[in-house]
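All figures in this text were calculated on a predicted structure; none of them were measured in a lab.
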Amino acid sequence: RSSQHSWCQHDACLNDPLVQQVARRVANVTQTPETNAEHAQLVYYHACARVGDPNCAFYGRHSDYLDGDLERLQGVRIYTLLGYLNHVPRGGATAFPNLPSGPVNIQPQRGKAV
């Protein structure tokens, strides 16, 4: 996959009523104050044109913890909430390969979050 992304960090985005509603909902679900949250990152993933395409990288397994975040106002990231804005009929699953109960793949569905 390849992707494009942007951060919701400008007044037009931050003051949007729908964005504020989503921020309140995320704070409620995660039981953390809105002031502890990072700005929302919006990512659009493009499908690979073909397997092996050099312009198409596959997402590598990683942790969202960064040592440098200890010095940031909100501190280290303790939660990541993924919200799906589109239904993807094929591919595009979010994989959690190291869960104690075994691996889980979440297929994107518009309006769902994990």
I need the [X] [atom1] to [Y] [atom2] distance, nearest 0.5 Å.
X	Y	atom1	atom2	answer
Cys8	Glu38	SG	CD	12.5 Å
Lys112	Leu85	NZ	CG	14.0 Å
Leu81	Arg25	CG	CZ	9.5 Å

Of the non-hydrogen atoms in Leu14 and His39, which two are nearest, and what is the gap between them?
CD2-ND1, 3.6 Å
Does Val43 belong to the same Ile/Leu/Val/Met/Phe/Trp/Tyr cluster as Leu18, with side-chain heavy atoms less than 4.5 Å apart forming each link?
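Cluster IDs for Val43 and Leu18 differ.
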Tyr79, Val114: one ILVMFWY side-chain cluster at the under-4.5 Å cut-off?
no
Using only atom types and a distance under 3.5 Å, with no angle test, would you say the side chain of His87 pairs donor to acceptor with the backbone of Gln109?
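Side chain of His87 to backbone of Gln109: no pair is present.
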Within the side chain of Asn15, is there an N or O that forms a donor-acceptor pair under 3.5 Å with the backbone of Asp11?
yes
When you compare the side chain of Tyr84 with that of Ile106, does any pair of heavy atoms fall below 4.5 Å?
yes
With a 4.5 Å cut-off on side-chain heavy atoms, are Pro108 and Asn86 touching?
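A side-chain contact under 4.5 Å is absent here.
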Can Asn105 and Phe96 be said to form a side chain to side chain contact (heavy atoms under 4.5 Å, CB included), step by step?
CA-CA 6 Å; Asn105 290 321; Phe96 297 93; over 6 Å; no
Side chain to side chain contact (heavy atoms under 4.5 Å, CB included) between Gln41 and Trp7, intermediate numbers included:
CA-CA 4 Å; Gln41 182 182 22; Trp7 294 90; 3.5 Å; yes
